[in-house]
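Here is the structure we will look at.
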Amino acid sequence: MRLLHISDLHAGKTLGRTNRNEDLHYALEQVISICHEEKVDVLLIAGDIYDKSHPDHESHNLIMDFLTRIHTTGIHTVLIAGNHDSYDFIKSYKNLGRVANIHAFDRPCKNPKDCIIKLGNITIACLPYPSERVITHIEEHTQRSYTEKVANYLKALAKEVEDAQQSVLLAHIMIEKAKVSGTERQASIGEFYAIKPEHIPTAFNYVALGHVHRHQQIISSRIYYSGSLYQIDFSEKGMEKYVNLVLLEEQEVRPIKLDLKRELYEVRIGVKDNFNAVLSHLKGLKGLVKVVLETDMRDSTISIKKKNLEDVLGERLVRFEIEPIAENNAEESYKSEKLDLVSAYETYYRKTYRCQLPEDIKKEFINILGKAEHEAHTA
Ligand SMILES: [Mn+2]
């Protein structure tokens with residue numbers, strides 16, 4: 001069996017006013033070609049198919065066109081919901097399984113048997129994004145932590161593939177120690193919900209993960225994040241993109257690099273930089289650009305500079321930020337406007353997990369913040 005593992009499509013993603021669907025379309029065309037050239041039997045999509053829970057029509061069209069084209073070539077598709085997807089929207093794809101080789105799993109099933117699909121000699125166990133709410137509903141042991149519940153559920157899935165010749169786990173989860181694309185701070189906060197790699201049962205011949213956008217192998221050779229299909233936002237600038245071709249019988253995983261329609265660039269213009277020289281450099285950039293202009297706020301030419309940048313870059317300028325340079329009293333003003341990390345984390349948690357930050361985690365977070373602050377002062 002030849003599998004192709006892809007993930008994190010984020011259809012409908014926008015950067016500023018720029019819609020990224022043409023980048024996704026460009027990637028999906030390559031995926032279709034790879035499926036043909038490599039004689040793929042099963043396509044695995046590890047979640048975050050859409051960027052938003054209510055996708056626009058154009059994005060829906062793009063995905064349906066892709067799925068139907070894969071189907072007409074006789075390839076099976078197995079897809080799961082990611083944290084960006086709406087469970088109910090992906091649920092509406094389940095009916096496709098009756099008329100096409102498209103098998104959708106919208107949320108973790110109460111009975112793990114219902115999240116298993118057999119295709120030829122392989123058995124695929126699916127774990128759509130386990131939100132705290134859903135996993136708590138499944139697991140009665142309320143005193144267990146989120147990660148313990150997920151680990152337990154993974155065990156139950158592994159039990160279902162015991163007798164399989166070949167088995168695959170398709171999951172949208174965060175694994176501890178995974179290299180994320182955003183800031184390191186986010187990574188360490190995210191680890192409250194990160195599953196330990198050793199909690200992934202060894203029963204699976206291959207583990208196809210989604211969630212983290214950087215292509216990577218997790219410790220053992222059989223656990224992979226395939227990563228997003230294009231550079232989704234500026235935290236992924238400079239990052240190469242891949243899909244994984246998996247030959248189960250040969251125990252071989254072959255990452256295939258994707259071509260990018262538009263690279264993302266971040267250009268920082270310092271106060272001492274020659275602005276005109278930067279402008280002419282920008283002329284040659286093919287991609288989408290974020291410009292950070294360091295400036296003294298008393299500089300009266302900011303709006304002229306912005307206009308120059310817009311003239312040179314046109315639609316390629318998707319983000320423009322002004323960064324005031326530090327003045328003598330900068331440290332004082334920083335202290336008085338100290339970031340409220342606790343409320344920032346609460347917002348992050350609500351957005352990511354779609355529920356309130358539990359009191360015990362909040363306590364732990366404040367604890368860690370306190371420790372970090374203490375260490376910063378003693379260092
Ligand atoms: Mn994602």
Side-chain angles (χ1 to χ4, degrees), residues 1-11 24 27-28 30-36 38-50 63 66-67 69-71 73-85 90 93-94 96-97 100-108 115-129 154 157-158 160-161 164-173 175 200 203-213 215-218 221-229 241-256 258:
M1 279 287 217
R2 298 170 75 86
L3 315 178
L4 193 72
H5 164 203
I6 71 170
S7 154
D8 295 82
L9 285 60
H10 287 265
L24 174 59
L28 293 177
Q30 295 171 72
V31 170
I32 290 173
S33 304
I34 294 166
C35 281
H36 293 172
E38 298 293 346
K39 300 189 171 54
V40 166
D41 301 298
V42 182
L43 174 69
L44 304 170
I45 310 181
D48 279 1
I49 293 154
Y50 293 99
I63 295 299
F66 170 68
L67 292 177
R69 279 168 70 194
I70 293 285
H71 161 74
T73 54
I75 297 168
H76 283 268
T77 298
V78 183
L79 63 91
I80 58 171
N83 56 310
H84 277 255
D85 297 306
I90 299 299
Y93 280 41
K94 283 183 94 84
L96 289 172
N101 306 327
I102 301 168
H103 317 281
F105 294 86
D106 55 304
R107 71 196 83 196
C115 271
I116 303 283
I117 178 163
K118 290 193 176 104
L119 296 170
N121 64 355
I122 70 162
T123 303
I124 302 165
C126 298
L127 178 57
Y129 173 64
L154 285 170
L157 282 175
E160 297 300 325
V161 305
Q165 252 184 55
Q166 298 282 352
S167 64
V168 167
L169 171 67
L170 176 62
H172 194 89
I173 47 173
I175 299 288
I200 300 218
F204 300 104
N205 300 99
Y206 181 75
V207 179
L209 298 176
H211 193 42
V212 174
H213 289 184
H215 177 274
Q216 62 194 287
Q217 180 181 22
I218 305 288
S221 62
R222 66 199 168 86
I223 307 172
Y224 280 87
Y225 279 108
S226 62
S228 51
L229 289 183
K241 296 299 171 184
Y242 299 88
V243 295
N244 269 2
L245 180 69
V246 185
L247 313 177
L248 276 183
E249 281 85 6
E250 292 86 341
Q251 298 186 10
E252 191 184 332
V253 177
R254 214 184 290 161
I256 300 174
L258 296 177

Modelled atom types, side-chain donor and acceptor of Y206 and N244, under 3.5 Å
yes

Would you tell me whether N83 and H211 have side-chain atoms, one donor and one acceptor, within less than 3.5 Å of each other?
yes

Where is the tightest heavy-atom contact between [X] and [Y], given as atom of each residue plus distance?
X    : Y    : result
I75  : D41  : CG2-O, 3.5 Å
L119 : I124 : CD1-CD1, 4.1 Å
A158 : A203 : CB-CB, 4.1 Å
L169 : I200 : CD2-CG2, 4.3 Å
Y242 : H215 : CB-CD2, 3.5 Å
I32  : R69  : CD1-CZ, 3.5 Å

Working to the nearest 0.5 angstrom, can you tell me the gap between [X] [atom1] and [Y] [atom2]?
X    : Y    : atom1 : atom2 : result
N121 : L248 : CG    : CG    : 8.0 Å
D8   : H213 : CG    : NE2   : 3.5 Å
I6   : C35  : CD1   : SG    : 7.5 Å
C115 : R107 : SG    : CZ    : 10.5 Å
I102 : L67  : CD1   : CG    : 5.0 Å

Holding to ring pair (Phe, Tyr, Trp, His ring centres under 6.0 Å), I want the full list of residues that pass it with F204, two or more places apart in sequence or in another chain.
none

Side chain to side chain contact (heavy atoms under 4.5 Å, CB included) partner of [X], chosen from [options]:
X    : options            : result
I117 : I122, L170, V78    : V78
L43  : V31, I34, L3       : V31
L44  : L79, L4, V168, T77 : V168

For the side chain of [X] and the backbone of [Y], is there at least one donor-acceptor N/O pair under 3.5 Å apart?
X    : Y    : value
Y93  : D106 : no
T73  : I70  : yes
K241 : S226 : no
D85  : D48  : yes
H5   : L209 : yes

Hey, are the side chains of [X] and [Y] touching, using non-hydrogen atoms and a 4.5 Å cut-off?
X    : Y    : result
T123 : Q166 : no
R222 : Q251 : no
L229 : L28  : yes
H10  : H84  : yes
L245 : V253 : no

Does the pair Y224 and V207 meet the rule for a side-chain contact (heavy atoms from CB on, under 4.5 Å), with working shown?
CA-CA 6 Å; Y224 280 87; V207 179; over 6 Å; no

Taking everything shown except E249 itself, do over 12 heavy atoms lie less than 6.0 Å from its CD?
yes

Would you indicate whether K118, at its atom NZ, is surrounded by more than 12 heavy atoms from other residues, nucleotides or ligands within a distance under 6.0 Å?
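At most 12 heavy atoms, drawn from other residues, nucleotides or ligands, come within 6.0 Å of this atom.
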
Worked check of side-chain contact (heavy atoms from CB on, under 4.5 Å) between R254 and E38
CA-CA 11 Å; R254 214 184 290 161; E38 298 293 346; 3.7 Å; yes

Suppose we call two aromatic rings close when their centres sit under 6.0 Å apart. Are H76 and H71 close by that rule?
no

